[in-house]
Amino acid sequence: MKAAEKTQEYKNSHIYRLRHSLAHIMAQAVLQIRPDAKLGFGPPVDNGFYYDFDFGDSPISDSDFKDIEKRMKKIVKQKQVFEASQKSLDETLQLLEETNQEYKIEYAKELVETGKAEGGQLGFYVNGPFIDMCEGPHLEDTGKVPKACFKLDKIAGSYWRGDEKRPMLTRIYALAFENVDELKDYIQRRELAKKREHRKLGAELDLFVIDDEVGVGLPMWLPNGTIIRDELEKWAHEVEFKAGYKRVSTPCITRSNLYHRSGHLPYYTEGMFPPMVIDDHDEYYLRPMNCPHHHKLYMSRPRSYRDLPIRLAEYGDVYRYEKHGSLAGILRVRAMSMNDAHIYCEQDQVKEEFTKVMQMYRFYYDHLRLGNFRVRLSLHDKDSEKFVDSEEEWVESENIVREVLRENNIDFDEEVGEAAFYGPKVDIQLSNVMGREETVSTCQLDFVMPERFDLEYTDRNGESQRPFILHRAPLSTHERMIAFLIELYGGAFPTWMSPVQVLIIPVNETVHEYAKQIESRLFDNMLRVETDLSGDTFNKKIRRGVTRKIPNIWIIGNNEMEEQAITWRRYCVKDQVKLNIDKACANLIRWRDERIMDNFDDIVIDE
RNA sequence: GCUACCGUAGCUCAGUGGUAGAGCACAUCCUUGGUAAGGAUGAGGCCAUGGGUUCAAUCCCCAUCGGUAGCUCCA
């Protein structure tokens, strides 16, 4: 089904009409207590609807919710009929000016000017005393709203037309579903989701902390979290080694000259920390990206076509001045470690290299069981100054990337204005437990930097050529990737990533010695193992091991000692199994070495 | 950065215009236990910070700093 048809079908659906009608009902109720409020947009959204208002000098707060809900219920009872009508622009403006609806006036004019209003006619819907410019559709009357199917949710600010230079409106979000049960079910699911939120689990599992005195958005990784980082990084080193990447290492602080050359100044200034001035005249910046340094390494000697592709990889620390209000745990930070690499290649190698990168992210995602993502082709916006001005090259490189996606049978959405300033991107988008979508992995085609850095290689004919550059980060940044993994796994990591891989719990003191023997055997195999020799009760030890989400608990008692065995209790599996110690060790080591995802219950112990 | 809400023990939270409580966690002792909380005792708080109102502020007001959600922005 095409996107347009899908939208039309959605707009005609009952849930859409219900939510849209409720938006009008809410607006009517809000106008009862704030008659001078100006209306913005009020569309249905995923779990309900919202409406934007300009309250001027008399703001509203969530303490008004009860009152508004009561008024909405009254409107529902009145069974106000929704009546559609059409008006010309003149009629529309006259009507809207009477009520001072400046935002609607702007939108009405725009709809007519851009030809989006069919025949220059604007749609209106009236229900009771409320009239709104709106294309519909709606329910027949307000009485068709099911009982208790909605609930006002939260208040948030929102710029008019999404433009931060324009007025900030007040947005009231509401939840709305087909019936009470669905509403309750959603609220319950949201409560449950909060429990696997990465910030909550990150604190519970001692993965990372963010300290005011260190700074907002500057997370510090505790030993447990650092293990997860190290394991991902080790993995990336192996995968990249096999794919022909070479590792490099470059500094996090750099003279401003580099960023004048790259164009980060001015294109990316807003995303950078302000400069440090040295010796009164010299400016240094914290780096927001690793690419310029890698380009310098590329230039460190003359390159031949025989050398290409050159793939320079670095888990590089970068610093970005993210707006304070957009920071969120480790999902959105100001200091991050990126699974970065830059691939320098000839023009006719671009497709193959791009394809290989796409295969690499696919490999990672399949392995980690990160299934629920969206692929976005991020294009430039020719009307925006955020992008390097070179229309022809933009279109050309966007075509290359689009073709790669098609040839690889990858479903994707195109979005204008989401590109990097130097080229189009393929972004892998994931949503967290609260429904917030972020870019995780990215692969970008860069046609700008070769020119700016005067990058060259000598081709078969001895002539100087510009290489193409791919920027890629399939494992994202540690911060963002681990935030998503924490939530996806609910904090229960597979053995290979787990801070503690095995917890040994002896049943009584007589087996302590045997427990210690097993512990040192695992330790000698480089496994992260702990033995609980505390004075707590057996039940308490089990409970503690489980709440720490340790993937493997090995129970040791007199029976096990006699048989040279252990009883294996896994975090994700109900049944436990008694196993000979040699076999148990072999299983564990294999899971670790092959990075088996034993935090899922389809992985079984090889007996 | 903007809008709204929030800030009490390590964590989850009660609470009051007359300078504070619970559970878990922590410490010590007792308990020697076969699959998710054994018992007792104890320690722990400038009630985010700075101003103001008041005889008196953790509580009311203002500012600052942090947090949450959304907008903008982005890996």
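So you know, we letter chains A, B, ... as the sequences are listed, proteins then strands, and number each from 1. The figures that follow rest on heavy atoms only: side chains count, while hydrogens, waters and symmetry mates do not.
Atom C1' of B:C61 sits at a distance of 24 Å from the matching atom of B:U68, rounded to the whole Å. Nucleotides B:A40 and B:C24 are separated by 10 Å at their P atoms, to the nearest Å. Of the C1' atoms belonging to B:G17 and B:U54, the separation is 9 Å, rounded to the nearest Å. Nucleotides B:A37 and B:G45 are separated by 26 Å at their C1' atoms, to the nearest Å. On the P atoms, B:A57 is 13 Å away from B:A20, given to the nearest whole Å. Between B:C62 and B:G7, the distance separating the two P atoms is 15 Å to the nearest Å.
Ring centers of A:Y422 and A:H471: under 6.0 Å apart, within the cut-off. The aromatic ring centroids of A:F41 and A:Y107 lie less than 6.0 Å from each other. A distance of 6.0 Å or more separates the ring centres of A:Y285 and A:H264. Aromatic ring centres of A:F421 and A:F387: separated by at least 6.0 Å.
B:C5 atom P lies 11 Å from atom CD1 of A:I60, rounded to whole Å.
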Measure all distances between protein nitrogen or oxygen atoms and nitrogen or oxygen atoms of nucleotides 25-27 of chain B, and list the pairs falling under 3.5 Å.
from, atom 1, to, atom 2, distance (Å)
B:A25, OP1, A:K540, NZ, 3.3

Scoring nucleotides 69-74 of chain B by protein non-hydrogen atoms under 4.0 Å (B base, S sugar-phosphate only, - none) yields SBBBBB
Reading nucleotides 41-49 of chain B from 5' to 3' and marking B where a protein heavy atom lies under 4.0 Å of the base, S where only the sugar-phosphate is that close, and - otherwise, the string is ---------
Heavy-atom contacts, protein to nucleotides 29-34 of chain B, under 4.0 Å, summarised as B (base), S (sugar-phosphate only) or - (none) per nt, yield --BBBB
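Taking A:D413 as the reference, A:R374 meet the salt bridge (Lys or Arg N to Asp or Glu O under 4.0 Å) condition, with sequence neighbours excluded. Taking A:R196 as the reference, nothing meets the salt bridge (Lys or Arg N to Asp or Glu O under 4.0 Å) condition, with sequence neighbours excluded. Residues passing the salt bridge (Lys or Arg N to Asp or Glu O under 4.0 Å) test with A:R332, sequence neighbours excluded: A:E322, A:E438. Qualifying salt bridge (Lys or Arg N to Asp or Glu O under 4.0 Å) partners for A:D427, counting only residues two or more places apart in sequence or in other chains: A:R376, A:K425.
Residues A:G217 and A:D427 each lie close to RNA chain B; by heavy-atom proximity, the contact nearer the 5' end of the strand is made by A:G217.
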Show me, pair by pair, the donor-acceptor contacts under 3.5 angstrom made by side chains of residues 544-553 of chain A, not counting sequence neighbours?
from, atom 1, to, atom 2, distance (Å)
A:R544, NH1, A:D536, OD2, 3.0
A:R544, NH2, A:D532, OD2, 3.1
A:R544, NH2, A:S534, OG, 3.4
A:R544, NH2, A:D536, OD2, 3.0
A:T547, OG1, A:R543, O, 2.9
A:T547, OG1, A:R544, O, 3.0
A:R548, NH1, A:E530, OE1, 3.1
A:R548, NH2, A:E530, OE1, 3.3
A:R548, NH2, A:E530, OE2, 3.3
A:K549, NZ, A:Y571, OH, 3.4
A:N552, OD1, A:W568, NE1, 3.0
A:N552, ND2, A:T495, OG1, 2.9
A:N552, ND2, A:Q501, O, 3.0

Donor-acceptor list for residues 206-220 of chain A side chains, cut-off 3.5 Å, not counting sequence neighbours:
from, atom 1, to, atom 2, distance (Å)
A:D211, OD1, A:E213, N, 2.7
A:D211, OD1, A:V214, N, 3.3

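Applying the salt bridge (Lys or Arg N to Asp or Glu O under 4.0 Å) test to residues at least two apart or on different chains, the pairs with a partner in residues 40-59 of chain A are A:D52-A:R171.
Defined by atom type and a distance below 3.5 Å, a donor-acceptor pair is present between the side-chain atoms of A:N558 and A:N508. Side chains of A:S441 and A:Y365: a donor on one and an acceptor on the other come within 3.5 Å.
The only option from A:V375, A:V426, A:L475 that meets the side-chain contact (heavy atoms from CB on, under 4.5 Å) definition with A:Y361 turns out to be A:V375. Residue A:R311 forms a side-chain hydrogen bond (donor to acceptor under 3.5 Å, both in side chains) with just one option from A:H294, A:H342, A:E353, and that option is A:E353.
Using a 4.0 Å cut-off between charged side-chain N and carboxylate O, A:K200 and A:E197 make no salt bridge.
Contacts of A:T477 with the nucleic acid, taken as non-hydrogen atoms under 4.0 Å apart, include base atoms. A:E204 comes within contact range of no nucleotide atom at all, as no heavy-atom separation falls under 4.0 Å. Within 4.0 Å of A:V333, counting heavy atoms only, lies at least one base atom of the nucleic acid.
For A:H324, a side-chain nitrogen or oxygen approaches OP1 or OP2 of B:G66 to under 4.0 Å.
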Writing each nucleotide of RNA chain B 5' to 3' as (, ), [, ], | or . by Watson-Crick or G-U pairing under 3.5 Å yields (((((((..((((....[..)))).(((((.......))))).....(((((..]....))))))))))))....
